[in-house]
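Hydrogens, waters and symmetry mates are skipped; everything else that's a heavy atom, side chains included, is used. Whatever order the structure lists them in is the order used to number ligands and atoms, beginning at 1.
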Amino acid sequence: MDFSLTPEQEALVETARAFARDHLKPNYRLRDQEGRMDRPTLKRMGELGLFGIELPEEIGGLGQDCLTAGLVVEALCGEDLNIGYVTINASLDAQIMRSFGTPDVVDPWIRGMLSGELIASIALTEPGGGSDAANLKLRARRDGDDYIIDGEKTSISLADQADFTVAFARTGTTEARAKGISSFLIPLDLPGISRTSFDDHGGRSVGRGSLFFDNVRVPASHLLGTENAGFSQVMAGFDYSRALLGILCLSVARVSLDAAWKYTNERFTFGKPLSEYQGVTFPLAEAETQWAGARLLCLQTLWLKDRGLPHTAEAAMCKWWGPKLAYDIVNTCLLTHGHGGYSKDMPFEQRLRDLLGLQIGDGTAQIMKMVIARQKTKA
Ligand SMILES: Cc1cc2nc3c(=O)[nH]c(=O)nc-3n(C[C@H](O)[C@H](O)[C@H](O)COP(=O)(O)OP(=O)(O)OC[C@H]3O[C@@H](n4cnc5c(N)ncnc54)[C@H](O)[C@@H]3O)c2cc1C
């Protein structure tokens, strides 16, 4: 087992880390206040090759493995977790689009996404189906060379900023459940589409909202894969995004822990630095231990994916443990900073707000534990 990075991985990680330090960290709070991603920053990330690391070079990626993509997400997103929604959406959508779409149709969208010019969303959740994701009502019916889409998607990240979405719609009967769902690439400027946004606790630069489809005509060429096979397509992708989301959240815990350790040397109480008090350092030491274990799990999951080995249970472990542990660690780090940590002048309260959303988005802890249990009990 080799834990060292290749020179190429080191160079990519260093590029991402420098970009985070120089371009993402300074405006973390501003983006939260403005409630928007800033497009020039995304474009700069595209120029540096920070989207779709794992996609082939001919389509605008870097042709790296998924483990390297995870290391880049980790280096990039500790200072602003929200950027991770854009990078992970790009990876998840591009994987589905490349595997199942017609190249002439999907390639320009993938290129736009990887260059940072286009923002992608993924639209699965509906008012009646979140955890019960196969319970979809959004309807797509064939009409000549088009499909006509009707219904609502809700709780969609980047809903009011995205240029296009990969959406899941019912093409079969309701009784067919998962086997009656298809996926479509839908440009979000088509006639009949409207959007709303929510007033969320965190993740405010990403934003969440609903997408309404009223008799929206989508060319049949935008069907991704075959009719009624859409559900399994997205579920396979989730094993990847769950590992990335785990390491994404842990990267926020990492920068918080680094700041907290530093502070224990700087702050004196009762004539001694905080680092002299085990009541302060032991919670941080425990956090370090759990952080190291969870991070290794995420890297191992990506390693399994790169080798084509089963990793559904491991990915679900990353998705429930990473966001929960990161939230708890950042909470400890906030408390370590005393009253200053509670202020908006420090990033901890925003980090907590941002992290909380990822305990729900992409599947809750209960659903992840169901996935793990199902994997462990199947014959
Ligand atoms: C920040 C954020 C970003 C999101 N981004 C997107 C996105 O981009 N695209 C998208 O499609 N969706 C997105 N979602 C939606 C997200 O995937 C759903 O919210 C999630 O899957 C849970 O569904 P629900 O909210 O309908 O909760 P429900 O399914 O109604 O569940 C409610 C509660 O009951 C629990 N529960 C439900 N069923 C069971 C069960 N069988 N056993 C035990 N517990 C159960 C759940 O864990 C949860 O705690 C996002 C959500 C958030 C918060």
Side-chain angles (χ1 to χ4, degrees), residues 32 35 37 77 80-96 113 119-138 151-170 177-178 181 183-186 188 195-213 230-231 233-235 237-238 240-242 244-246 248-249 252 315-316 319-324 326-327 350-374:
D32 185 65
M37 285 287 147
C77 300
D80 186 352
L81 167 155
N82 300 302
I83 293 290
Y85 280 85
V86 187
T87 56
I88 294 174
N89 266 5
S91 285
L92 184 55
D93 278 356
Q95 181 175 298
I96 298 170
M113 196 163 54
I119 295 181
S121 65
I122 185 142
L124 181 64
T125 305
E126 296 187 1
S131 304
D132 187 7
N135 182 30
L136 298 189
K137 302 258 181 316
L138 184 88
E152 176 185 352
K153 290 290 178 187
T154 197
S155 185
I156 308 305
S157 297
L158 293 157
D160 75 336
Q161 301 185 63
D163 299 288
F164 72 94
T165 194
V166 170
F168 297 82
R170 185 154 298 287
R177 293 218 8 120
I181 291 171
S183 61
F184 296 88
L185 162 61
I186 307 183
L188 287 173
R195 326 180 194 196
T196 56
S197 15
F198 303 163
D199 185 8
D200 271 348
H201 175 62
R204 295 182 66 86
S205 60
V206 177
R208 238 170 16 113
S210 293
L211 298 171
F212 298 94
F213 299 83
F231 197 71
Q233 290 165 13
V234 70
M235 285 303 149
F238 276 154
Y240 181 35
S241 62
R242 284 171 184 164
L244 291 179
L245 286 168
L248 166 70
C249 293
V252 180
K319 174 59 191 58
W320 85 258
W321 195 21
K324 167 84 171 73
Y327 187 90
Q350 189 184 340
R351 288 177 184 162
L352 284 179
R353 288 190 285 111
D354 290 347
L355 281 166
L356 190 55
L358 283 179
Q359 292 191 41
I360 306 170
D362 210 306
T364 64
Q366 286 100 324
I367 300 307
M368 293 307 115
K369 290 171 193 176
M370 281 167 60
V371 171
I372 298 163
R374 209 176 292 137

Trainee: Any idea which protein heavy atom is nearest atom 44 (N) of ligand 1, and the distance to it?
Mentor: Q366 CB, 3.5 Å

Trainee: Going by a strict under-4.0 Å cutoff (protein heavy atoms only), does atom 25 (O) of ligand 1 have a neighbour on the protein?
Mentor: no

Trainee: Going by heavy atoms in the side chains, are L138 and F184 under 4.5 Å from each other?
Mentor: no

Trainee: Among S131, S157, G207, which residue places a heavy atom closest to atom 8 (O) of ligand 1?
Mentor: S157

Trainee: Closer than 4.0 Å and a protein heavy atom, does any atom meet both conditions relative to atom 32 (C) of ligand 1?
Mentor: no

Trainee: Please work out whether any backbone atom (N, CA, C, O) or any side-chain heavy atom from C-beta onward of D362 is under 4.0 Å from ligand 1, and answer side chain, backbone, both or neither.
Mentor: backbone

Trainee: What is the nearest protein non-hydrogen atom to atom 16 (C) of ligand 1, stated with its residue, atom name and distance?
Mentor: T125 OG1, 3.8 Å

Trainee: Please confirm whether G361 comes within less than 3.5 Å of ligand 1 when only nitrogen or oxygen atoms on both sides are compared.
Mentor: no

Trainee: Of I88, N135, T364, which has the heavy atom at the shortest distance from atom 48 (C) of ligand 1?
Mentor: T364

Trainee: For atom 40 (C) of ligand 1, what is the nearest protein heavy atom, given as residue, atom name and distance?
Mentor: M370 SD, 3.8 Å

Trainee: Under the 3.5 angstrom rule, does the side chain of N89 hit a backbone N or O of A120 as a donor-acceptor pair?
Mentor: yes

Trainee: If I compare all heavy atoms of V206 with all of M37, which pair ends up nearest, and what's the gap?
Mentor: CG2-CE, 3.7 Å

Trainee: So L248 and T87, do their side chains get closer than 4.5 Å, heavy atoms only?
Mentor: no

Trainee: Can you tell whether the side chains of R204 and D199 come within less than 4.0 Å, N to carboxylate O?
Mentor: yes

Trainee: Within the 4.0 Å heavy-atom shell around G130, which atoms of ligand 1 are there?
Mentor: 21 (O), 23 (O), 24 (P), 26 (O)

Trainee: If you have a sec, work out which protein heavy atom is nearest atom 39 (C) of ligand 1 and how many Å separate them, to one decimal?
Mentor: I367 CD1, 4.0 Å

Trainee: Quick check on contacts: which atoms of ligand 1 are under 4.0 angstrom from a heavy atom of I122?
Mentor: 7 (C), 8 (O), 9 (N), 10 (C), 11 (O)

Trainee: Does some side-chain heavy atom of Q350 sit less than 4.5 Å from a side-chain heavy atom of L81?
Mentor: no

Trainee: Evaluate L124 for polar contact with ligand 1, using N/O atom pairs at a separation under 3.5 Å.
Mentor: yes

Trainee: Might you point out which heavy atoms bring Q161 and R195 nearest each other, and give the distance in Å?
Mentor: N-NH1, 3.9 Å

Trainee: Over all heavy atoms of both residues, which pair between D362 and K319 is shortest? Give the atoms and the distance, please.
Mentor: CB-CE, 3.7 Å

Trainee: Testing the basics here: between F168 and L136, what is the closest heavy-atom pair and its distance to 0.1 Å?
Mentor: O-CD1, 3.6 Å

Trainee: Whether R351 and D32 form a salt bridge (side-chain N of Lys/Arg under 4.0 Å from carboxylate O of Asp/Glu) is what I want to check.
Mentor: no

Trainee: Are any of the N/O atoms on R208, whether in the backbone or the side chain, positioned under 3.5 angstrom from an N/O atom of ligand 1?
Mentor: no

Trainee: Provide the closest heavy-atom pair for S197 versus D160 in the form atom of the first, atom of the second, distance.
Mentor: OG-OD2, 3.5 Å

Trainee: Does ligand 1 come near enough to Y85 that some N or O of the ligand is less than 3.5 Å from an N or O of the residue?
Mentor: no

Trainee: Check whether any side-chain heavy atom of Y327 lies under 4.5 Å from a side-chain heavy atom of K324, and answer yes or no.
Mentor: no

Trainee: Going by the atom numbers of ligand 1, which of them fall below 4.0 Å from some non-hydrogen atom of I360?
Mentor: 19 (O), 20 (C), 53 (C)

Trainee: Side chain or backbone, does T154 bring an N or O within less than 3.5 Å of an N or O on ligand 1?
Mentor: no

Trainee: Can you sort out which atoms of ligand 1 are near G357, meaning under 4.0 Å from one of its heavy atoms?
Mentor: 1 (C), 53 (C)

Trainee: Does the protein put a heavy atom less than 4.0 Å from atom 4 (C) of ligand 1?
Mentor: yes

Trainee: Ligand 1 and S155, any nitrogen or oxygen pair closer than 3.5 angstrom?
Mentor: yes

